[in-house]
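Beneath this line is the structure, given in structure tokens, with notes to follow.
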Amino acid sequence: MYLKSLELSGFKSFAKKTALDFTTPITSIVGPNGSGKSNVAESFRFVLGEQSIKSLRGKRGEDLIFNGSKTIGRQNRGSVKMVLDNAPINGKRLLNIDFDEVSIERVVHRDNANEYLINGSQVRLKDVVELLAQAHMGPTGHHIISQGEADRILNANLKERRLMIEDALGLKIYQYKRHESERKLERTRENISQVESLRRELAPHLRFLKKQVEKIEKAKELKRELITLYEAYLEREQFYLAHARDTFAQETYEPKEKLAALEKELAHARRALEKSEGQDEKSKQLLASEKEIREVRARRDTLVHDQGRLEGELSAEEKRLKKLREVAHTDEHKTVSLPEVRKLSDEIAQRVVEADRINDIGVIRNMLSEIRKVFQNFIKRFETTADSSALLEAEEEITRLLGQKKDIEIQVNACAEEEKSAQERYETLRAGIEKEKDESRDAEREIFKIMAAQNEVRGNLNLLKSREDSLKIEADEYERERREAAALVGPETLRRAEAADTSALQAEERTVQHERRRTLEKLKIRLEELGGSTGDDVVKEYQEATDRDAFLEREITDLETSAVSLDQLIKELTEKLDVEFKEGVHHINTQFEAFFKMMFGGGQASLSVVKPEKSRRSEEEILLSGEIPEEGTSEEEEVEEGIIISVNLPHKKVKSLEMLSGGERALTSIALLFAISQVNPPPFIVLDETDAALDEANSRKYGDMVQNLSQYSQLVLITHNRETMSRAGVLYGVTMGQDGVSKLLSIQFEEAVKVAK
Ligand code: ATP
């Protein structure tokens, strides 16, 4: 016997604490109508966890609490405590809890709040339900048949029957577990979809962050490349500039030296040229000399001319002399020269003019006499002396001419000498000038040469100057690049590059360095495009997002794994339920038939498990609904297996349950209930006036069955039936006085018969 006691306090009409002890296999509760017997049956359901207030004949939770009467005030809480014996029998406890005695208590408050307690400890309803399900007990189970509910199993539909039988077979625990698993599976699926949606929500951000991080990684890689390249570039540039400066210094040294030397040479040449500038004086001297020569030559020419003339005169005079000597021998060839004549004439004319001015005749006569004398002298001169004087004259003339000729010859010779020496001086001067001129020309030529050389050197130096300029530009550019490098890749790189040992560097084509520069520029642009941030925060955020994504992925995997195992569990439970259900039904059938035969004295009754035909929506219905059936989905609705009851009364052709009389229905129900209870006996059964419709003969049969059943389950029978009462070991009488409170008392059979009336 498992059921030890029941204690009601404030529950419905039991205002005061009322305890029922169940010490015998059959306990009957008797009492007049409305005394509160059914309230006791309901208190069983209540304490076992019934959630339907309606099935406890109330609307709200507070309807279950004593509501007060004229004399007694209402209660604020209603409670029922059931005590079960849980001592192990054959090493097995009724309830899976390590106590020999287990009290289960439920309290309802006016605010509809419920409390559940197991052995005084507050628990959840779920804990109570689970604990009891293992022992085939439940609030709505077959083992508590409320008043008027005896044929409930007959009135139930296929599915409800199935549930009731499952419950009776103790499959509730599997049902419960399956339901729990289904709920868990549903929750797991919801969680999966929630986590998937979280993952989906996270995905774009993660993708964005991934791209950012890839960019940052790329940027870091590019920066590393940039640093390496910068080092190589700066090192090379430094080497190049130093080398270029050296080369430039070497290249400019020689031209500069040469230019300095040329400068000296030029100064020297200039001085030489300046010297030749005293040439003017010599030129003047040369001119003077030339003039002197010319003058000497002119004089000589005059002299030569005079000499010629003289020679001519001489020759003429000699001819004349010769002629005169010839003429001297004849008068007729004596001639007076016209000039002599004119001379004479002029003398005469002069004397005549003088005479003309004189009035003195005497004078005039004298003058005439003189004129005559002149004439006479003239003639005389020509008559007598003419020849000899002429000769003489001629001879004298010749002498004179010869003298003159000699003088001239002397002069000519002197002139020749003079010319010669002038010529010599001239030549000397000219030669000197020429010599100086040559020297000056040489100096000039030298200057030109030097200047040309200077120009060439300067040209070279100019070329070198532009080289210096470009070197300067390159050096400035290098400075700018240094600063840029320090800003871009840090001063450390710069220091490393500048401290590098360049001695091992080989000369290379400048284009290689230019190529490096281009690559640097490209790298910088790519870096700029990637953005300058180091992105530590982005990397951190990405790491967090990745971790979260991985966590969510793990969650999904875990959830899917648990969904798979839940699915598997559900399948297993379904299978177990199915197998045990069918086996249970088979056993029930055996008992059912036996009870039925016992009740009706023959006939047949059985339960069958049927799967109702799947309801198929007609094509017309689908068309009218306007729905487009999804591909792959069946229009067939899954319908669970149910139970049908077949009866075959002896001597009657009654096969349908609907055709049974009230008593027949009650008997069939009782047969079935007892059959069910015997297959898997619950610890106790409460039957509230299940025997109400039985006649005397059937009441006896009922009493026999009850007695038989009590071997397997403890029975609490609420009854007005004397026969039934007679089978009970303990009888409780319930009464209700004017105060509206149910009272309980242990009574004897005879009293019970009275009380029950
Ligand atoms: P019968 O033999 O006619 O079936 P019974 O003995 O089973 O009657 P119950 O139905 O158990 O009687 O009890 C009904 C009584 O309980 C009624 O008198 C009702 O007023 C009382 N009752 C029900 N709920 C409460 C409540 N919350 N507070 C006080 N009394 C209540």
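Since this is a predicted model, take the numbers as computed values, not measurements. In what follows, every heavy atom counts, from backbone to side chain, and hydrogens, waters and symmetry copies are set aside. Counting convention: from 1, in listed order, for ligands and their atoms alike.
- Counting only distance, with no hydrogens or angles, the side chain of Asp63 and the backbone of Lys59 share a donor-acceptor pair below 3.5 Å.
- For ligand 1, the protein residues within 4.0 angstrom (heavy atoms only) are Lys12, Ser13, Pro32, Asn33, Gly34, Ser35, Gly36, Lys37, Ser38, Asn39, Arg57, Asp63, Ile65, Phe66, Asn67, Gln147, Glu689, His720, Met736.
- Atom CG of Asn96 sits in a sparse spot, with 12 or fewer heavy atoms from other residues, nucleotides or ligands closer than 6.0 Å.
- Close placement of the Phe11 and Phe46 rings is indicated, their centers lying within 6.0 Å of each other.
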For residues 575-582, which side-chain N or O atoms pair as donor and acceptor with protein atoms under 3.5 Å away, sequence neighbours left out?
{"unit_1": "Asp578", "atom_1": "OD2", "unit_2": "Lys582", "atom_2": "NZ", "d": "3.2"}

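- With sequence neighbours left out, the side-chain contact (heavy atoms from CB on, under 4.5 Å) criterion links Lys597 to Glu593.
- Arg57 meets the salt bridge (charged side-chain N to carboxylate O under 4.0 Å, His left out) test with Glu42; sequence neighbours excluded.
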